[in-house]
Number of protein chains: 2
Amino acid sequence: MVGGGSAKQPKYQRIAEALKASVHSGEYRPGDRLPGENDLMDTYGVARMTARQALGVLQSEGIAEARKGAGVFVRDFRPVRRRGIQRLAADRWGAGQSIWSADIDSRELLVDHVTVTHQPAPAPVAAILGLDPDDTVCVRTRRFVLDGKPVLLSTSYLPADLVAGSPITREDTGPGGTYARLAELGAKPVHFREEIRSRMPTSTEADDLKLPAGTPVILVCRTAFTDDGRPVEVNEMTLDAASYILEYDFDA
Amino acid sequence: MVGGGSAKQPKYQRIAEALKASVHSGEYRPGDRLPGENDLMDTYGVARMTARQALGVLQSEGIAEARKGAGVFVRDFRPVRRRGIQRLAADRWGAGQSIWSADIDSRELLVDHVTVTHQPAPAPVAAILGLDPDDTVCVRTRRFVLDGKPVLLSTSYLPADLVAGSPITREDTGPGGTYARLAELGAKPVHFREEIRSRMPTSTEADDLKLPAGTPVILVCRTAFTDDGRPVEVNEMTLDAASYILEYDFDA
DNA sequence: AAGTGGTCTAGACCACATC
DNA sequence: ATGTGGTCTAGACCACTTG
């Protein structure tokens, strides 16, 4: 090492901290371009890989986002609020409204892509729905976009014999959506369980959601039950964690 | 390039995918050591930095965990289930039980460290509690450990004038915890709101929770309301995402 | 003592975005 | 055309863990 660089802390961390301080102080605002690899090499007298490492810290913490050929930019965080309980109140979807319309604050959440297929039930889904592993399920997948960016992947599983012949097996389920149709089939969902996890995305998920590095996904697995406790739907959702705040309101 | 390596995919991604496949196929089980940098350099004929990059993919996806001087190991995922609604049922904490005891599946969740201080209310907390920014709040911080590993940081804010003189200002709040004491003070919490987000941890959080690279945190912000709608507590929790599944049960 | 991952250098070529 | 980040090499020294 040339100079008297003394601190026990790695160089790239010191550089990363200086950058983070500049971001938090407001010197760089969301959307601004940060100093690039070449700038950092000059400013701090380090090799390219070390400058890269420093910028990598900010990306892996979700503070910055690299755009190939353009630079590294400060990310903005403008999440949608998703109300997990009110949104599923029966008077909402019972009235013919889409569940999803309750979510948005002026921005539009649109369905990008829909598929409906029939498959043998995956083992964990079969276990929840109380099916045999060779029973078939109706699988509905949807992708939702907000401001042109995909933010939510949804895969819904329903027992094939329950929904056979209903609009649930078509792309457009009609007013009120799947739950209104289930009610018409005598399987009205009245109780819900949502399980929430978070982890880093697989490369496939990062691709589908166009996630920059450093963005986790939130996994929501919802099970819908009828009044006699029968599970009638399992819905696995993958959310861009930077796009969502989940809210649950309840009484003691 | 020496051989006929043709694919458009970067080398480090191909190596990473091969490793991931081996993990998913069960060739390497949780806790097993993966091939190290030197192994990959030999096997694939790449430079050290490329082998590092490949291992970095698995770490940043939360599949593997590096232990300095030892190797890179397959991580195991054994989360605790936290029931967000039942756990706050009044008959639980009303009966003198700790809220946290409902969480565990045989493993023990212990409080590691407790602090109680008084501070001016941080702006966002003041806004939620309806305080002036210069009003003081009682701040209770706790760290919870599971199997010796810290999994949850909790910071609770209460209006200082409300809790003055009560056991809430002491480290040990007594049977039933803070909520039982609030009830005795005529500020019984009956309604709760939990807001959930996820992001990558700051370096401080990663340190406090001893998080390996590639583990996000889940942020739960709970506000407790009395029956007349007055907010009496804001509790900001930071969870190791690899240690928790959150569950919410509710009716339509 | 040997092997491991962590950090760092000093080069290089490429695809891509912006101008 | 220039500059950007993305990938890659071939070395090096260090701190750490394990046998």
Side-chain angles (χ1 to χ4, degrees), chain A residues 1-17 19 28 31-60 63-75 203 206-207 210-214, chain B residues 1-17 19 28 31-60 63-75 203 206-207 210-214:
Chain A
M1 189 176 295
V2 187
S6 63
K8 48 205 161 192
Q9 209 182 10
K11 290 185 185 180
Y12 76 96
Q13 283 186 15
R14 287 213 57 78
I15 300 174
E17 283 188 9
L19 288 172
Y28 302 103
D32 285 358
R33 183 178 171 278
L34 290 172
E37 297 174 359
N38 297 326
D39 298 313
L40 296 178
M41 289 166 67
D42 292 350
T43 307
Y44 293 96
V46 296
R48 159 161 262 104
M49 282 305 299
T50 306
R52 276 184 71 75
Q53 244 180 316
L55 291 169
V57 170
L58 276 79
Q59 293 172 57
S60 73
I63 297 169
E65 167 181 4
R67 293 207 277 272
K68 210 193 316 188
V72 179
F73 298 83
V74 180
R75 286 179 56 178
S203 35
D207 221 49
K210 298 197 201 317
L211 297 176
Chain B
M1 191 173 295
V2 186
S6 64
K8 48 210 162 187
Q9 211 181 10
K11 290 186 184 180
Y12 77 96
Q13 282 186 15
R14 286 215 59 78
I15 300 174
E17 282 187 10
L19 288 172
Y28 302 103
D32 285 357
R33 181 177 172 281
L34 290 172
E37 297 175 358
N38 297 328
D39 298 312
L40 296 178
M41 288 166 69
D42 291 350
T43 306
Y44 293 95
V46 295
R48 159 160 262 105
M49 283 304 299
T50 306
R52 276 185 71 74
Q53 244 181 316
L55 290 169
V57 170
L58 276 78
Q59 292 172 58
S60 74
I63 297 170
E65 167 181 3
R67 292 206 277 271
K68 212 191 320 188
V72 179
F73 298 83
V74 179
R75 286 179 56 179
S203 35
D207 222 48
K210 298 199 201 312
L211 296 176

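Here is the naming used below: chain letters follow the sequence lines, and residue numbers restart at 1 for every chain. Every heavy atom of this structure was used, including side-chain atoms; hydrogens, water molecules and symmetry mates were not.
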Trainee: For the pair made of CE in Met41(A) and P in dG3(D), what is the distance, rounded to whole Å?
Mentor: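 Distance, rounded to whole Å: 14 Å.
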Trainee: Answer yes or no: is there a side-chain heavy-atom contact under 4.5 Å between Thr43(A) and Ile15(A)?
Mentor: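 Thr43(A) does not reach Ile15(A) side chain to side chain.
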Trainee: Would you please confirm or rule out a distance under 4.0 Å between OP1 or OP2 of dG6(D) and any side-chain N or O of Arg52(A)?
Mentor: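 Checking Arg52(A) against dG6(D): at least one side-chain N or O falls below 4.0 Å of OP1 or OP2.
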Trainee: Grab the CD-P distance between Glu37(B) and dA10(D) for me, whole Å please.
Mentor: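 Rounding to the nearest Å, CD of Glu37(B) and P of dA10(D) are 16 Å apart.
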Trainee: If you only use heavy atoms from C-beta on, which nucleotide in dG6(D), dT7(D), dT4(C) is closest to the side chain of Lys68(A)?
Mentor: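 Of the candidates, dG6(D) comes closest.
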Trainee: How many Å lie between CG on Leu55(A) and P on dC8(C), as a whole number?
Mentor: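 Roughly 14 Å, once rounded to whole Å.
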Trainee: If I take atom CD in residue Glu65(A) and atom P in nucleotide dA17(C), what distance separates them, rounded to the nearest angstrom?
Mentor: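 My rounded result for the distance is 13 Å.
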Trainee: Of the listed nucleotides (dT9(C), dT4(D), dC8(D)), which one gets closest to any side-chain atom of Arg33(A)?
Mentor: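 Among the listed nucleotides, the one closest to the side chain of Arg33(A) is dT4(D).
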Trainee: Of the listed nucleotides (dT4(C), dG11(C), dG6(C)), which one gets closest to any side-chain atom of Arg48(A)?
Mentor: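 Of dT4(C), dG11(C), dG6(C), dG11(C) is nearest to the side chain of Arg48(A).
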Trainee: Can you find a heavy atom in the side chain of Asn38(B) that is under 4.5 Å from one in the side chain of Arg48(B)?
Mentor: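 Contact flag for Asn38(B)/Arg48(B) side chains = yes.
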Trainee: Take the protein atom CG of Leu40(A) and the nucleotide atom P of dT9(C), then report the distance between them rounded to whole Å.
Mentor: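 So the two atoms are 12 Å apart, to the nearest Å.
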Trainee: Are Lys11(B) and dT9(D) close enough that a side-chain N or O sits under 4.0 Å from OP1 or OP2?
Mentor: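 For Lys11(B), the contact criterion (side-chain N or O under 4.0 Å from OP1 or OP2 of dT9(D)) is met.
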Trainee: In whole angstrom, give the distance that lies between atom CG of Asp42(B) and atom P of dG3(C).
Mentor: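 Atom CG in Asp42(B) sits about 12 Å away from atom P in dG3(C).
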Trainee: If the cut-off is 4.0 Å, is Thr50(A) near the phosphate of dT9(C), judged by side-chain N/O to OP1 or OP2?
Mentor: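 True: Thr50(A) side-chain N/O within range (under 4.0 Å) of dT9(C) OP1/OP2.
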Trainee: Phosphate oxygens OP1/OP2 of dT7(D): is one of them under 4.0 Å from a side-chain N or O of Tyr12(B)?
Mentor: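 Looking at the OP1 and OP2 atoms of dT7(D), one of them is under 4.0 Å from a side-chain N or O of Tyr12(B).
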Trainee: Starting at the 5' end of DNA chain C, which residue's closest nucleotide do you reach first, Gln13(A) or Arg67(A)?
Mentor: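 On the 5' side of the pair lies Gln13(A).
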Trainee: What is the distance from CG of Leu58(A) to C1' of dG5(D), rounded to the nearest Å?
Mentor: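 In whole Å, dG5(D) C1' lies 15 Å from Leu58(A) CG.
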Trainee: Would you say Asn38(B) places a side-chain N or O within less than 4.0 Å of OP1 or OP2 belonging to dT4(C)?
Mentor: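 True: Asn38(B) side-chain N/O within range (under 4.0 Å) of dT4(C) OP1/OP2.
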Trainee: Would you mind telling me which of dG5(D), dT17(D), dT9(D) lies closest to the side-chain atoms of Ala47(B)?
Mentor: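 The answer is dT9(D), which lies nearest to the side chain.
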Trainee: Between Gly69(A) and Met49(A), which is nearer to the 5' end of DNA chain D once each is assigned its nearest nucleotide?
Mentor: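 Checking each residue's closest nucleotide, the 5'-ward one belongs to Gly69(A).
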Trainee: Work out which heavy atom in Arg33(A) is nearest to a heavy atom in Ala70(A); give both atom names and the distance.
Mentor: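 Scanning both residues completely, I find the closest heavy atoms to be NE-O, 3.4 Å.
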Trainee: Mark yes or no for whether Asp39(B), through its side chain, and Gly36(B), through its backbone, hold a donor-acceptor pair below 3.5 Å.
Mentor: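 Confirmed, Asp39(B) side chain pairs with Gly36(B) backbone.
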Trainee: Would you name the heavy atoms of Leu58(B) and Ala16(B) that are closest together and state the gap between them?
Mentor: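 What the structure gives for the nearest pair is CD1-O, 3.6 Å.
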Trainee: Write down the distance between CD (Gln53(A)) and C1' (dT7(D)), rounded to a whole number of angstrom.
Mentor: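 Gln53(A) atom CD is separated from dT7(D) atom C1' by 15 Å.
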